[in-house]
*Asks:* 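Here you go, one structure.
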Amino acid sequence: MKNIVVGQSGGPTAVINSSVLGVYEKAKELGVEKVYGMVHGIEGFLNEKMVDLDEYLNSEENRELLKRTPSAFLGSCRYKLPKIEGNEEVYEKIFSILDKYEIDALFYIGGNDSMDTIKMLSDYAKDNNKKQVFMGIPKTIDNDLPITDHCPGYGSAAKYIATSLKEIIRDNASFGVVKPTVCIVEIMGRHAGWLTAAASLAKDDTCEGVDAIYLPEVDFDLDKFIEKVKHLSSTKSSVVIAVSEGIKTSDGKFVCEMGSDDKRVDAFGHKQLSGCASTLANIIAKETGLKTRAIEFSTLQRSATHIASLTDINDALTVGKRAVEEANNGSTGMMVTLGKDGSTDIYDIHNIANVERKVPIEWIDTENNMLNKEFIEYAKPLIQGELIPIFKDGLPVHLVRKV
Ligand code: F6P
C-alpha cells in the first residue's frame with residue numbers, strides 16, 4: 001500500500017484515538033508512505049479535508065498523548081452515504097479523491113451506522129473494478145455491534161459509569177438518614193442496554209451497588225417503577241437507580257419523550273434520547289414527596305479518558321493494527337472483530353452494518369431489575385487496568401488537531 005486514509009465516525013469514545021494510533025503504527029511498520037486522517041469522517045473527506053498524520057504522530061510524546069486524548073482527534077460526523085443507484089456522482093467523487101492522493105486503503109472507525117459506509121464503498125469498488133480496499137474498525141460505547149465479543153469504547157465507558165456510581169452512592173447515602181433521597185441516573189446506549197448494565201459493576205466490597213437497573217431490552221412499566229421506588233424508600237434511606245436513555249413502554253413510547261413532542265432525528269433516523277432521568281425524578285417527587293435528583297451522564301461517559309480501561313485502550317490499538325494488516329493482504333468489505341480474550345478476526349461487513357446487538361434476555365434478572373452473574377463475568381474483564389493521564393498544571397494534557 002502506498003498511501004492510506006483513516007476516519008472516525010459516530011459518537012466518540014474515550015479510546016477511539018487509540019485505533020487511529022494502531023492504524024498509524026502498523027502502516028508505518030509496513031512502509032506506507034502517507035497516513036492521512038479524514039477531518040470529520042467521510043463528510044470532510046468529500047470536501048478533501050484531510051491531515052497528514054506524520055505532522056502529529058512523529059514523536060513518541062504525541063503518540064502517548066493521543067492515547068490519553070478524549071473524543072475524536074480527527075473530528076467525527078454522522079453522515080449516511082446515499083444509495084448507490086442514482087447517486088453515482090458521490091461515489092465517483094470519493095474515488096477520484098482516493099486516486100488523486102494515491103490512497104490504496106480506507107479505514108473507518110465506527111459503530112453499526114458507520115459500518116454502512118464501509119459496506120457501500122466496498123460494494124461500489126467491487127461493482128466498478130476499483131482497486132482500493134475498505135476496512136471497518138469497531139468502536140462504540142453502546143457495545144451493540146454484532147459478531148464481535150465486545151467493542152472498543154465500551155470498557156472505558158463502563159469503567160467510568162461504575163466508578164461514578166460508586167461515588168454517587170456514597171454521596172446519596174450521606175443525607176439519606178433523615179429522609180430518603182432517590183437518585184436516578186441516566187446512561188447512554190440507545191436501544192441496547194449494555195452500558196446501563198455496567199451500573200451493576202458498581203457493587204463491590206466497599207459499595208452496596210445500585211438498587212435497580214432498567215434496560216431497553218425490557219418494556220418499562222411506570223406503575224411498577226413507582227411501586228418499586230416506594231418499596232425501596234420504605235426500607236432504606238438512600239435509593240440509587242440506573243436507567244437507560246432508551247427505555248420504552250410496551251406501546252413503544254420512549255420514557256424520555258413523555259411530555260415532549262420533539263421529532264428531530266439524525267441522518268440515520270435516530271432521535272436524541274435524553275431526559276428520561278429528569279422525567280422519572282419529577283414523577284417520583286410528585287407521587288411520593290421524596291427528595292429526588294436526576295443525573296444524566298451524557299457526554300461525560302464517552303469522553304472520560306482520565307479513567308479509561310487499559311484493556312480497552314489495548315483492544316482499540318489492536319483492532320486498528322489488524323485492519324491495516326488485513327488491508328495489506330488484500331481484504332476488503334470486512335470489519336475486525338474481537339474475541340473475549342482480545343484476539344482478533346475479520347468478518348463480512350454485510351452482516352454487521354446497521355445491525356444492533358442487544359443484551360441477552362437471560363442475563364437480565366427482570367424480577368429484581370438487576371443483571372445476572374453472566375453479565376458481570378462478561379463485563380468485568382473489560383474494565384481492567386488504567387493508563388494514568390499526563391498532567392500539567394494540575395490538568396490532563398491532550399493532543400489537539402490544529403485545523
Ligand atoms: O452511538 C453512541 C452514542 O453515544 C449513543 O449512546 C447516544 O445515544 C448517541 O451516541 C448520542 O449521540 P449525539 O451525541 O450525536 O447526540
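These values consider heavy atoms only, across backbone and side chains, with no hydrogens, waters or symmetry-generated copies. Each residue takes its place number in the sequence, starting with 1. Both ligands and their constituent atoms are indexed starting at 1 by order of listing.
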*Asks:* Is Gly189 in polar range of ligand 1, meaning some N or O pair under 3.5 Å apart?
*Replies:*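 Between Gly189 and ligand 1, an N or O pair is found under 3.5 Å apart.
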*Asks:* Counting only pairs under 3.5 Å, give me each side-chain donor-acceptor contact of residues 161-169, with atom names and distances, residues two or more places apart or in other chains.
*Replies:*
{"from": "Thr163", "atom 1": "OG1", "to": "Lys159", "atom 2": "O", "distance (Å)": "2.5"}
{"from": "Ser164", "atom 1": "OG", "to": "Tyr160", "atom 2": "O", "distance (Å)": "3.1"}
{"from": "Lys166", "atom 1": "NZ", "to": "Asp204", "atom 2": "OD1", "distance (Å)": "3.4"}
{"from": "Lys166", "atom 1": "NZ", "to": "Asp204", "atom 2": "OD2", "distance (Å)": "2.6"}
{"from": "Lys166", "atom 1": "NZ", "to": "Thr206", "atom 2": "OG1", "distance (Å)": "3.0"}

*Asks:* Looking only at heavy atoms of Gly111, does any of them come nearer than 4.0 Å to an atom of ligand 1?
*Replies:*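 Judged by the 4.0 Å heavy-atom criterion, Gly111 does not count as contacting ligand 1.
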*Asks:* Which option wins on minimum heavy-atom distance to atom 3 (C) of ligand 1: Arg302, Glu245, His191?
*Replies:*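 When every heavy atom of Arg302, Glu245, His191 is considered, Arg302 comes closest to atom 3 (C) of ligand 1.
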*Asks:* Only pairs under 3.5 Å count here: list side-chain donor-acceptor contacts from residues 280-290, not counting sequence neighbours, and write none if there are none.
*Replies:*
{"from": "Asn282", "atom 1": "ND2", "to": "Ser278", "atom 2": "O", "distance (Å)": "3.3"}
{"from": "Thr288", "atom 1": "OG1", "to": "Ile284", "atom 2": "O", "distance (Å)": "2.6"}
{"from": "Thr288", "atom 1": "OG1", "to": "Leu290", "atom 2": "N", "distance (Å)": "3.1"}

*Asks:* In this structure, does ligand 1 have an atom that sits under 4.0 Å from one of the heavy atoms of Leu273?
*Replies:*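 Heavy atoms of Leu273 never come under 4.0 Å of ligand 1.
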*Asks:* Counting only N and O atoms by type, is there a donor-acceptor contact under 3.5 Å from the side chain of Asn87 to the main-chain atoms of Pro82?
*Replies:*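 A pair under 3.5 Å: no.
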*Asks:* Is any side-chain heavy atom of Ile118 closer than 4.5 Å to one of Leu106?
*Replies:*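 Yes, side chains in contact.
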*Asks:* Given that the side chain starts at C-beta and the backbone is N, CA, C, O, which of these parts of His270 lies under 4.0 Å from ligand 1, counting heavy atoms, or is it both or neither?
*Replies:*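 Neither part.
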*Asks:* What residue and heavy atom of the protein are closest to atom 1 (O) of ligand 1, and at what distance?
*Replies:*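 The protein heavy atom lying closest is Asp142 OD2, 3.0 Å.
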*Asks:* Specify whether Trp194 and Tyr378 have parallel, tilted or perpendicular ring planes, treating 30° as the upper limit for parallel and 60° as the lower limit for perpendicular.
*Replies:*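 Because their plane-to-plane angle lies in the 30° to 60° range, the rings of Trp194 and Tyr378 count as tilted.
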*Asks:* So, Asn17 side chain and Ser71 main chain: donor-acceptor pair closer than 3.5 Å or not?
*Replies:*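 The answer is yes, because a donor-acceptor pair under 3.5 Å joins these two groups.
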*Asks:* In the protein, what heavy atom is nearest to atom 10 (O) of ligand 1, and what distance, to one decimal place, separates them?
*Replies:*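 So the nearest neighbour among protein heavy atoms is Arg78 NH2, 3.0 Å.
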